[in-house]
Amino acid sequence: MSKLPHIGTSIFTIMSQMANEYNAINLSQGFPNFPVDKRLTDIVAKLATQNVHQYTPMSGYPPLLDKIVNLTQQSYQRTVSPKEEILITAGATEGIFATIQALVNANEEVIILDPSYDCYEAPILLINAKPIRVSLNDDFTPNWESIKKATNEKTKLIIINNPHNPTGKTWTEDDFIQLEKLTVAFPNLVILSDEVYEYITFEQPHVSIHHRPKLWNKSISISSFGKSFHITGWKIGYVIAPEHLMKEIKKVHQFLVFSVNSISQVAISEYLDSVEVNSLGNFYQQKRDFFRTLLKDTKLELLPCEGTYFQVASYANISQEKDLDFTKRLVTEFGVATIPISTFYANGKDAKCIRFCFAKDDTTLSQAAERLMKL
Ligand code: PMP
Ligand code: GLN
């Protein structure tokens, strides 16, 4: 008997495979198609012949842990302890999995805000805990009334994702004030804050859980070097958590992967000396604006995009097909692969919206727009 009877192949795999099969422009799965910074590839080339190929300590390569202390200090003015509060993980995905396995017990509840990214549910189901889906408002802001109603003594964790995949929505300070109030009413509630797009925000600066000292003792933050340095295939990220929670998360990590691949840890540790994470927002804002301008003359209606490298658009003016059918037809008839938003909802809500990844070179974005013009 399957332990996960309702979990199938991820939509990102399905759409990327379709894009390859039909030779379509792939704006579905979220990954950049431009070259990685030469400074980073030069570091990797140099390291390949050095003595960096054996296990690192379980929680991470110590110089990398120290660099993350500096990065967290620079970005958020928060001081964390390298030994006690940081863990290098095999991507954000492993950090999220290890956190849920370590902290949630059978029959406890975990709040997920829909639409939501796909990697939260399976680890909850595997421990016989209960995912509780709460819908975001129509503008994708958190609905604090519904969140309060859904929270109870059994709620162990609330998962938040800011900036938000797929909608590009970001949290405001007021959202965090509401979250703080919730944790006063439910003192045992723990927060898992998925911030893999923390450096990709546009008009408004990112408001992080790291800016909220009242929440530090009950929060786990998740970061991804894959997203921040255009290296999604490296699968490397990190978790920051207070020592009492981190102690438990490390126990799972120890037997899930033990340690993360060494050369990428050493390479990123060196790269962090020269890279400027704060320029990432501007870089992607230009891509967002370029892509939005290109799509202006199509029949698609663009939703706001405050962060991430995803643009959501409504195709309600073009067709009333189910979004999955529409995205499949976009691949086969128009040669552009996208992601249907209904797949981010547990109840499959279909608002006739699709997601584009604009982390692509300008030529790719222009060619895709030309094809979308024909819609
Ligand atoms: N969380 C969100 C919101 C994501 O979009 C992704 C996909 N990159 C992840 C987690 C997983 O990140 P990683 O590839 O570092 O495991
Ligand atoms: N995070 C990526 C996205 O949203 C997908 C990563 C994956 O394929 N697991 O497109």
Side-chain angles (χ1 to χ4, degrees), residues 7-20 26-33 36 60 68 87-100 112-124 136 140 157-171 191-201 206 208-209 220-240 253 256-257 260-261 264-265 268 280 284 305-312 327 337-345 353-360:
I7 303 265
T9 306
S10 105
I11 190 68
F12 310 113
T13 303
I14 293 172
M15 294 313 293
S16 273
Q17 270 175 1
M18 260 193 104
N20 287 338
N26 189 0
L27 306 188
S28 65
Q29 195 178 24
F31 63 89
N33 79 336
V36 173
I68 292 171
L87 175 67
I88 308 297
T89 56
T93 311
E94 194 243 325
I96 291 165
F97 190 95
T99 299
I100 294 171
I112 298 177
L113 306 177
D114 271 3
S116 63
Y117 182 60
D118 69 350
C119 79
Y120 310 135
E121 181 163 291
I124 299 170
L136 293 166
F140 307 117
L157 205 61
I158 176 170
I159 302 178
I160 65 176
N161 173 211
N162 163 44
H164 185 243
N165 181 4
T167 66
K169 190 78 193 162
T170 55
W171 276 41
I191 301 147
L192 174 53
S193 185
D194 178 346
E195 301 190 21
V196 298
Y197 302 101
E198 63 196 308
Y199 295 113
I200 312 180
T201 55
H206 176 54
S208 167
I209 200 102
I220 300 101
S221 72
I222 305 284
S223 296
S224 173
F225 288 122
K227 299 289 160 183
S228 299
F229 298 153
H230 318 301
I231 46 171
T232 61
W234 287 30
K235 294 301 300 187
I236 178 166
Y238 59 94
V239 172
I240 294 181
H253 171 82
L256 195 52
V257 296
V260 171
N261 83 79
S264 60
Q265 291 196 62
I268 289 172
L280 202 63
Y284 276 120
C305 170
E306 300 171 344
T308 76
Y309 47 50
F310 301 119
Q311 172 66 55
V312 175
T327 52
T338 59
I339 299 287
I341 296 293
S342 67
T343 54
F344 294 83
Y345 287 93
C353 285
I354 56 177
R355 189 196 81 177
F356 295 94
C357 171
F358 56 78
K360 307 292 168 188

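Counting convention: from 1, in listed order, for ligands and their atoms alike. None of the values given here were measured: they were computed from a predicted structure.
The closest approach between any non-hydrogen atom of Val196 and ligand 1 is below 4.0 Å. Contact annotation: Tyr117 has at least one heavy atom less than 4.0 Å from an atom of ligand 2.
For atom 1 (N) of ligand 1, the closest non-hydrogen atom of the protein is Asp194 OD2, 2.6 Å.
To the nearest 0.5 angstrom, Asn26 atom CG is 5.5 Å from Lys360 atom NZ.
The one candidate from Val260, Val36, Ile268 that meets the side chain to side chain contact (heavy atoms under 4.5 Å, CB included) condition with Trp234 is Ile268.
A cation-pi geometry, defined here as NZ or CZ lying under 6.0 Å from the six-membered ring centre and within 45° of its normal, does not hold between Lys227 and Phe31.
Residue contacts with ligand 2, taken as heavy atom pairs separated by less than 4.0 Å, do not involve Thr232 at all. If you look at Arg355 next to ligand 2, the close heavy atoms, those under 4.0 Å, all belong to the side chain. At a heavy-atom cutoff of 4.0 Å, ligand 2 is contacted by no atom of Lys235, backbone or side chain.
In this structure, Tyr199 has its ring center at least 6.0 angstrom away from the ring center of Tyr284. Taking the six-membered ring where the residue is Trp, the centroids of Tyr117 and Phe12 are separated by under 6.0 Å.
Polar contact with ligand 1: present for Lys235 (N/O pair, distance under 3.5 Å).
Among Ser224, Gly30, Ser10, the residue whose heavy atom sits closest to atom 10 (O) of ligand 2 is Gly30.
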